[in-house]
Amino acid sequence: MMSAPLDRRRAVGVMLAAGAAVFASFLQPAHAADDVVVGVIQPLSGPNAQFGIGAQRGTELAAEMINAAGGIKSLGGAKIKLVAADVPTPNTAAATTQRLISQNGVSAVVGAFVSSTTLAASEVTERAGIPLVTFAFADQITGRGYQYVFQVSPKGTVFGAAQFDYATGIAKAAGEKIDKIAILYEDTAYGTAQAKGLRDAAKKAGVEIVLDEAYPLGITDVSPLVNKLRASGAQMAFPVSYLNDSLLIIRALRQQQIDIPVIGGAAGYIIPDFKKGLGDYAEGVLSVAAASGDLIPDLAAKYKEKYGAFITHEALIHAAALDAVAQAMEKAKSSDPQKVRDALASLDYCAGFARGVPGGCIKFDANGLNASAFPVMVQWRGEEPVTVYPPKAAKQVPIWRGKPVN
Amino acid sequence: MRQLFSPGRVVLLLFFVAAAVLPLVVDPRGHLLRVAAMVLLFAAMAQSWNIVGGLANQISLGHAAFFGLGAYTSTLLFLKLGVSPWIGMFAGAVVAGVAAALLSIPTFRLKGHYFALATLAFAEVMRVIANSWAGLTGGPVGLSIPFMGTQPAYFAFRAVSSYYWAILGLLVFVCIVFQLLARGAIGYRLRAVRENENAAEVAGVDTFRVKLTASIISAGLTAMCGTVFAQFTFFFDPDSIFSLAGISVRMAMIAIVGGLGTLGGPIIGALFLIPLEEVANAYLSSKAAGLSQLVFGLILIAAILIQPRGIMAFWPKKRRAARAARSSVAPAQAAAKGA
């Protein structure tokens, strides 16, 4: 073997070194013993990154505030240490969640915004007996009888129904009777689930759906959709979209001067990028939301100060989720996942970020759903959306076709 | 004559022995074992792809279609009819084989990029169907494998190590099939197709039939990997199981980075890429959004620039050259076999 080519020996050496480095990296100590570790899984890259980053900031702020206030007091002031992981797709969720559990020894996992990713992660946490607290709102998440998954916000179909009921409620208050509506939705899990809620609510109310169109998430030309909408004679449009598609739809509507009220389905309609992308076209757009910063002005101001943008509902709800986990540890006097889970199941928490969840509390039912939470309707006013409906939560009156509704 | 215990075979055998005992020495519930299982699974997928992509150089970017068909067939058979996924795995292989045969009729007349694009489109079509035919597939929400504790008859285990050994078994099976095909008459015919399809046709090779056979076998094995993947990750949805970047391209990439058309290539490729991606994710994804993919992508580009023929090309050139010299008939074939 004297004459073996040098490049081969070098290559083998490099490969061995790389392999050793990989192996060694798995053996590193996970964390300091006195901290409590909570895993945060969010899509930090890929098409849902805007939402994931916002959500992660929410948990960061909540952890910072808890630590600044003395950590988990019943555990001798233990600090919360967050371990963040990127889960851009459901395929990566199982392995990543497993890593947080076995490498980092997390007491609980918060996150995953995207429903399908959360479903995938919950299959791992359920088997490992680790509580997962989430904002993702697919109905299946708490519909499987699982013991370790907790949903802070209402279910997807509830959102769809609220999107319809609230909008018709505002229209009625403004003296307009709604007979014809249009539904446009992106065709993945989120859009289809919420569209179903909308459709069922409209049928129940006896309102005719004159346009019911799915479109692919990566849509680049919405003019055929908008033309159909114009021709349909709908009095209101309900688009359920992520960000880019929401920008395209609203811009096309405004440019073609279609002035029918538009009621977005959360996600893309209520993040800072919506205003950035649309400027004045954003003004007056309504959307359903799981929470709104103006329900907790003090905490919302802290968030804005730290990150330079208003607190989105995904940031707020994930902050509330982390708050709930911390409260559960406080109550359980333990960071043992099983005890944290039991404490979460019997939690009744109405302070901190939980005040920002409409309903004001986090209290999970037997399925792990936060039963007291309800969606709100927000409307863009200048730089931020404000809560306008239902009246019990509203901070300002809604504006319908340019006129305030009292 | 070829030795029974050539260095290549010894290394491969050692690898499989090491792989088999790994669960005994690491934390059986740990993440390391899970990553190792993914390495073996992606090696098996890339090896399945290698049958068509490597031996015949028909670069398919749509193998996710077969992968997803396998996952959907076994999972739906289980959820709707209670059929064990072990049986569903073979049912999935049959479904994928039929799909491959149907797809072959129009696409095998296409060459190079056009073939790649056609296969890519096929996987996209499957994704759209799975998303829209909610009555059958559960639609965009995806399917969950119900949690049922340890039930070996239903391919359900608590311990990661049980899945790990099942995946290892699958990899060994796929490697044996690959080797039998590569060493058999069909392997020579496929390589003849790769070198020059017209010349092969003139020489009497029924090119259509040989490519058809290879793609049916390749699709069937890929579908079996799909079933195992579904059982192992407990959940999939149309966008992830029919994913272009996550499945189709990755299968091809692993085989290409490791060494196209070689037995060891997909294994080395998976050993290199999957842990690299995991480590990038584990250490960089909390630092800055998207940084882990950026680093992973850069390393990948570097790997391909340094050795475009794959990591297997670092294997001793001397022996290959010697064998090529011995084999006066077809040096190209010998070079391909050298690994």
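Quick caveat: nothing in here was measured; it's all calculated off a predicted structure. Chain identifiers are assigned alphabetically (A, B, ...) following the order of the sequence lines, protein sequences preceding nucleic acid strands; residue numbering begins at 1 within each chain. All values below come from the heavy atoms of this structure, side chains included, with hydrogens, waters and symmetry mates left out.
Heavy-atom distances place no part of A/Ala138 under 4.5 Å from chain B, backbone and side chain included. Using a 4.5 Å cut-off between heavy atoms, A/Pro216 does not touch chain B at all. Looking at A/Gln140, the atoms closer than 4.5 Å to chain B (heavy atoms on both sides) all sit in the side chain, from C-beta outward. For B/Phe229, the part lying near chain A is the side chain, with the backbone staying farther off; criterion is any non-hydrogen pair under 4.5 Å.
Here the straight-line distance linking atom CG of B/Leu32 with atom CZ of A/Arg99 works out to 13.0 Å at 0.5 Å rounding. To the nearest 0.5 angstrom, B/Phe234 atom CZ is 10.5 Å from A/Ser122 atom OG. Atom OG1 of A/Thr118 and atom CZ of B/Phe235 lie 9.0 Å apart (nearest 0.5 Å). In this structure, CG on A/Asn91 lies 11.0 Å from CZ on B/Phe236, to the nearest 0.5 angstrom. One distance of note links CD of A/Gln147 with CZ of B/Phe147; it measures 11.0 Å at 0.5 Å rounding. For the atom pair A/Asp187 CG and B/Asp239 CG, the distance stands at 8.0 Å (nearest 0.5 Å).
A/Arg127 and B/Pro146 make their closest contact through NH2-O, 3.7 Å (heavy atoms, listed as atom of the first residue, atom of the second, distance). Listed here is the closest heavy atom pair of A/Ala95 and B/Glu278: CB-OE2, 3.9 Å.
Among B/Ser132, B/Ser240, B/Gly142, B/Ala37, the residue with the largest count of heavy-atom pairs under 4.5 Å with chain A is B/Ser240. The candidate from B/Ile145, B/Leu271, B/Ile247 with the greatest count of non-hydrogen atom pairs under 4.5 Å with chain A is B/Ile145.
Surrounding CZ of B/Phe232 are more than 12 heavy atoms belonging to other residues, nucleotides or ligands, all under 6.0 Å away. Within a 6.0 Å sphere centred on NZ of A/Lys196, other residues, nucleotides and ligands contribute 12 heavy atoms or fewer.
The backbone N or O of A/Ser116 sits nowhere less than 3.5 Å from a side-chain atom of B/Asp237 that would complete a donor-acceptor pair.
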